[in-house]
Student: 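Handing you this structure, nothing more for now.
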There are 4 protein chains.
Amino acid sequence: MTETLSLQQLNELDEAGFIAALDGIFEHAPWVAAGAYARRPFATVTALHGGLMQAVMERPEEERVAFVAAHPDLAGKAARAGAIAPASVSEQAGLGLDRLSDTEYERFERLNAAYRARFGFPFVICVRRQTRDAILDAFEARLAHERAQELATALDEIGHITRLRLVERVTGAGLPKTTGRLSTHVLDTHKGAPAQGVKVELFEVGASGRALLAQAVTNADGRTAAPLIGDVPLRIGTYEIVFAIGAYFAARGLDLPEKPFLGEVPIRFSISEPEGHYHVPLVATPWSYSTYRGS
Amino acid sequence: MTETLSLQQLNELDEAGFIAALDGIFEHAPWVAAGAYARRPFATVTALHGGLMQAVMERPEEERVAFVAAHPDLAGKAARAGAIAPASVSEQAGLGLDRLSDTEYERFERLNAAYRARFGFPFVICVRRQTRDAILDAFEARLAHERAQELATALDEIGHITRLRLVERVTGAGLPKTTGRLSTHVLDTHKGAPAQGVKVELFEVGASGRALLAQAVTNADGRTAAPLIGDVPLRIGTYEIVFAIGAYFAARGLDLPEKPFLGEVPIRFSISEPEGHYHVPLVATPWSYSTYRGS
Amino acid sequence: MTETLSLQQLNELDEAGFIAALDGIFEHAPWVAAGAYARRPFATVTALHGGLMQAVMERPEEERVAFVAAHPDLAGKAARAGAIAPASVSEQAGLGLDRLSDTEYERFERLNAAYRARFGFPFVICVRRQTRDAILDAFEARLAHERAQELATALDEIGHITRLRLVERVTGAGLPKTTGRLSTHVLDTHKGAPAQGVKVELFEVGASGRALLAQAVTNADGRTAAPLIGDVPLRIGTYEIVFAIGAYFAARGLDLPEKPFLGEVPIRFSISEPEGHYHVPLVATPWSYSTYRGS
Amino acid sequence: MTETLSLQQLNELDEAGFIAALDGIFEHAPWVAAGAYARRPFATVTALHGGLMQAVMERPEEERVAFVAAHPDLAGKAARAGAIAPASVSEQAGLGLDRLSDTEYERFERLNAAYRARFGFPFVICVRRQTRDAILDAFEARLAHERAQELATALDEIGHITRLRLVERVTGAGLPKTTGRLSTHVLDTHKGAPAQGVKVELFEVGASGRALLAQAVTNADGRTAAPLIGDVPLRIGTYEIVFAIGAYFAARGLDLPEKPFLGEVPIRFSISEPEGHYHVPLVATPWSYSTYRGS
């Protein structure tokens, strides 16, 4: 693993040093860094990433295809066998793609084979921006695309993958936006004040079940101390925030039915912008609530 | 099974006929009808029920206790063995209390035994006004009560049970309110009109899972052709209406993310008034919604 | 004034009787009824109106222009002098156009003159579907139109005028929709029930001030006994419903600031569909409210 | 006018210096500072103010009454004649109480006379925390009080008056909260994003009319660059924020009626906590909106 270095340091390296410093950002493709070398100095990390992608995009189509084709299958044999780039290993592991059941593994194998048969290159997706369900949805949707569209999509995804890798390698001004934020807020319009002490749980809602991602309790301002998700890309997928609003109103001592109208309020929504800010508030009384994508 | 008759016919019967006509309304207790006979004529069915209950309430406490004690255990041996009043059989069957697994049966047996040991009479509840989960919650809550409070509660529940039986036996003016209604309405505030064609599903949400109770699609007025539940008591319990609002907005052809912010919107709420009207609307855009207990 | 008659009676009249029966519906143009006569019998009043309009539309352009040109100026000398059709007199009087101040009269005269100079026919509008402000807005907007567009608009307006006159003359099946409805509803989501006893006032909001149109108090269902406006066309224009929600919550005895956050809540909105249903509810707590065009 | 000094400087002054430094904070009452002198050093400005008030409260009732009685009439002859403390002059002038019409002046004179006749001391209120209407409302409400309650209220008001004066004289840690904030936010739930470019106007709504207090346009986050009111006490009173939401949606190019349902949306509300934060957002589509006291 190459160490972190500053943009200024990178700008001052000779070509061999420059290529070595960026080793592993673009999978098995030192020529990308070589192609961008002449464009130094880069004023921002965003410009650096742009220069690297441009070095890819200016190659003829067959080279771009070969470049994409050098990427490993998702959840494939190479991942199981350890024959992929170290960054790919940890990215795929983050989503548990290295720990699939045999049934799941076979589903991925079938999709991988069908995709490769249709397009001549593997299915590439930036797994750090996706839930597992979103990957499977994307896999099936993309199998229906035209080849030119898929090549463009694969390169876009490589853009996302390498941008995330780059900001972990190079520090400096002008970092590209690679993280999103999911926050909430609970307002009690029965008393006209923030709702303090509401238990909030965030779930990922997948085809095969639910996974608890975060738990928090609202503070005096009706917010959670930290965003429910922050400082990482938001994974494209479906989520549910469950607010224990019934327990909150019961604790206020209101005169409500023994089994109150609202107990646990689920707000289910999907995220489609991994680098976006999703603010999902709950404005509630014991008898009503509203929510919206706020800011 | 005695047949249906009109309040006027009932008012004109002699004492033996009156008692026979009301046979089975009050479990194994023809003396209730006998006690109410002198109060004829009854102007309304509500007044008739009131007269019958008064015949119970004016008896000394030991007789009221004996009256309650003559009721069968809930989901008990008598129900399994067929030794309870025919109305009780069908009421308990309606909630599946005659088809419990051995584990569930044992849980009811334990609760029945504990309740009977504590109070000297069986646990009585009007099952037609309850979900199975609500019965178990009530069972545990009522085990902690004082005996006088429980005797009053048991008689209240017998009031509910017999009121429901009575309106199926006697027709006429002044029927007591024994049914509730659950309705919904979907309004699209993105276009300022009712949302037509929204798929709506109603679930009972229990401790052990969910059961689909009703499905409907909204009409041009944003309503369902019939109430989600109507013409029966609403069972005390927790429910979820799931609105397929994402598919609705997609069908409108709006420019939304591939995975829209809102897909299936669940509204979870509890019912505590079996004879009430619960109107639970959804007022939605692709990015927001609100709900409330309406009218 | 010809009397009311049924569609069946009308269908059975001879030509002279038919023309006489419809006298005054189309201003100074008995040839319209004559042209529609051959199309009898009409199955519905809507079809009758369609037949009459068709008799206009099938005439060559110069005759349609002459037909429009035979209409009186709005708020003009003819109206002051009594030289217009009796129906026109009462329609213009309904909006006070016969009682203009000299300044207002001069403004209308200037607009009438400009319009007539530009298009060669007078400005025609169905005053029963407009507030006075809406007429002035329409006047100015229409002065900028092309002549062909204005001729079509004038004939549309004559369609509205004559439809309203026709449903007052001819009874029978298939009446065209000529009336709208404005209704409201107040829901108290602090207690989860309709808000009873809320004073509601409806104002027309004009450039030169406000006029109180209706007052009501909500009933046990949170509604007003009658629609705020009903059984007439809704006048295109701007309105305000003011809800005395502060007094309502104070009467409930809630613990609120001496000067509560919400006192009189104004909801200002415009009506653009005179034959539409505008349902404008208020869903409120002492600290929040929402409204929408409902159904 | 004494200059600003730090709490530390004040703590280190000798008694004469201490009294001089606080001259004018408590109207014509140097004994208040003298009484608090022994309690030095004060850790915070809040504690300093508490010490000064305590020096008042520990005096016998007749002295407290005499102290209140030394305050000038509101909008009275002394104010007109310039015979009141300089701070009082500018405070009363801030609300235009030195520029009353003769009718208004007479109304204040009558109220002042009635109040003084009933209680034996003048009506004292912290004018910087009030609109003119709120003062008149308070005047009439307080005339109905008991004397003991009024004496307590007058001393509370003197607490507010002197707290505001003190934070302008003494700097340092632990300043008491003397300012409030009124902010807004416009969210467009038709497109699921903040509404940028909405014209917002704030009015004070008084018995005799409306006064424009602030104008702003929302930024990319749907907020105004500065709070609508900030860094001063919010005056108790009634306000209206008018949002030009119709123009905003028209500028988005949506397909809406020529006269859209929502044009200028007024939100009318009252402020009762001058040191509070009032966040009054608008969550809107072209066909609906909601607001609430947020945070």
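Naming convention: chains lettered A, B, ... in sequence-line order (proteins, then strands); numbering from 1 in each chain.
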Student: Give the ring-plane orientation class for D/Phe108 versus D/Phe139, where under 30° counts as parallel, over 60° as perpendicular and anything between as tilted.
Tutor: tilted
Student: Can you list the residues of residues 279-295 of chain B that sit under 4.5 Å from chain D, counting heavy atoms only?
Tutor: B/Thr285, B/Trp287, B/Ser288
Student: Please find the pair of heavy atoms, one from D/Ala138 and one from D/Ile125, that lie closest to each other, and give the distance.
Tutor: CB-CD1, 3.8 Å
Student: For residues D/Tyr239 and D/Ile229, report the shortest heavy-atom separation together with the two atoms involved.
Tutor: CE2-CD1, 4.4 Å
Student: State, with a plain yes or no, whether a side-chain heavy atom of D/Leu182 is found less than 4.5 Å away from one of D/Phe269.
Tutor: yes
Student: Start with the C-alpha gap between B/Arg252 and B/Lys191, add the side-chain angles, then the distance that decides, and say whether side chain to side chain contact (heavy atoms under 4.5 Å, CB included) holds.
Tutor: CA-CA 10 Å; B/Arg252 275 194 51 205; B/Lys191 73 168 181 182; 3.6 Å; yes
Student: Treating D/Arg142 as the side-chain partner and D/Val124 as the backbone partner, does any N or O pair qualify as donor plus acceptor under 3.5 Å?
Tutor: yes
